[in-house]
There are 2 protein chains.
Amino acid sequence: MARPLSPKLSPVIIAEAALAMVDAQGEFTLPALAKRLRVSPSSLYNHISGKADIIELMRGQAVAAVDVAGASEGEPHWAAAIRDIAVQYRNSYSRHPRLIPLLTAYSVRDETTIGMYNVLAERFAEAGFGPRRILEAITVLDNYVLGSALDVAAPEEVWDPGAKASASLRAALDAGLGREHRADEAFLFGLDLIMAGLERAAA
Amino acid sequence: MARPLSPKLSPVIIAEAALAMVDAQGEFTLPALAKRLRVSPSSLYNHISGKADIIELMRGQAVAAVDVAGASEGEPHWAAAIRDIAVQYRNSYSRHPRLIPLLTAYSVRDETTIGMYNVLAERFAEAGFGPRRILEAITVLDNYVLGSALDVAAPEEVWDPGAKASASLRAALDAGLGREHRADEAFLFGLDLIMAGLERAAA
DNA sequence: ACCTGAACACCGTTCAAGT
DNA sequence: ACCTGAACACCGTTCAAGT
């Protein structure tokens, strides 16, 4: 064996395989990942610096589909452009809900994400917000999107309080739980509350 | 050794020690926890069922200080009561920011948290929301609070895009970053956007 | 009932050796 | 440059043995 003619591995190949494992099982180990790639665990270290590195690669993979440019140029209204980015951002993560808990422990260096912050900042500036308010607005959106993405990842039992539910909570749970798009509808509801508030703040 | 006259351990003792470790180091292992408690690792299993159990105990510990009753009874206006709960809830978590990434992988069975959901549901019903809207509103608040708590936990470098920052983003970062209460102010800004939106939705 | 020590299967990472 | 196999220190959990 040793050194094959064409490499069996690459950062992208590793990230894709790891993401598939996380999607399926909610976690991954280096031995299992190596086995899936028909490779020895130590081989991975020729392409990545450790497990944390793989997690960062998965973040990039998940978010790569976000089209910041489209929202930035095509859309004339700043609020509509920002809303569009938030929706795309959240949808990227909800395609890999079980990845999110792994991401929360690490910081963001992903280019797509930073590109998104850039567009958001420019759009908020265009709306007339000052620097400090811009940082607050981006923070609010980021927090909300990440929290909402976590909601998709959370098991359904999060919302099963057993016998301790009040009548109002019980009715609410019965009305919404198990609905396929429950998390999506709640996300959009809240996003529109936030966007409406930001538009009023701008005026 | 063996069986001391009075037990050296209890779930609360274990949870407190584990929380102290997480606060200090961002993680904990059973061997290290056992060492801190001057006990053998296997002894822990007389009081807890595993590592996941300890994490759930820490969640309860962190959130125990939330006073749902006060907000529920004392406050006449539903929106003010709900806002107060959200603030308390978020503040509990931000006292232990490094705990949050550990929590996100597990579901909630904590009594305080469920009690909080109950009060929220009742208050929203009082405001005239229907069951489905109630579930959405609680979801929105929960997502936002958790996302905001994560923001406290995140290292400051999350917001360091290096040379890739646009002028608007750069200015925003300079204006806000490093400010002691940056995360708190952003949280309150967004919370008030959401609450204002909910009040308009109720009317 | 509660603690111990030995044991198990596993993990992430390093490194000399091979081509 | 890239893969292997052996090795290391460590982890979470189980369980028979002790009192």
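Chain letters run A, B, ... following the sequence lines, proteins first and then strands; every chain starts at 1.
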**Study point:** Modelled atom types, side-chain donor and acceptor of A:S166 and A:S168, under 3.5 Å
**Key:** no

Check your understanding: Can you name the one residue among B:D84, B:L120, B:V119 that meets side-chain contact (heavy atoms from CB on, under 4.5 Å) with B:V68?
Key -> B:V119

Exercise for review: Would you mind reading off the distance between A:I48 atom CD1 and C:dG12 atom P, rounded to a whole angstrom?
Suggested key: 10 Å

Review point. In residues 27-47 of chain A, what residues come within less than 4.0 Å of DNA chain D, judged by heavy atoms?
Key: A:V39, A:S40, A:S42, A:S43, A:N46, A:H47

Practice item. Take the protein atom NZ of B:K51 and the nucleotide atom P of D:dT14, then report the distance between them rounded to whole Å. Key: 15 Å

Practice item. Any strand is fair game: report the nucleotide pairing with D:dT4 by Watson-Crick or G-U wobble, both distances under 3.5 Å, or none. Key: C:dA16

Exercise for review: Could you tell me how the ring of B:F187 sits relative to the ring of B:Y144: parallel (under 30°), tilted (30 to 60°) or perpendicular (over 60°)?
Suggested key: parallel

Point to revise | A:R182 with A:D151: basic N within carboxylate O range, under 4.0 Å | key: yes

Review point. Is it the case that A:N118 and A:E122 place a side-chain donor and acceptor less than 3.5 Å from each other?
Key: no

Exercise for review: If C:dC11 has a Watson-Crick or G-U wobble mate with both distances under 3.5 Å, name it; if not, just say none.
Suggested key: none

Check your understanding: If we only count heavy atoms from C-beta on, is the A:L103 to A:M58 side-chain gap below 4.5 Å?
Key -> no

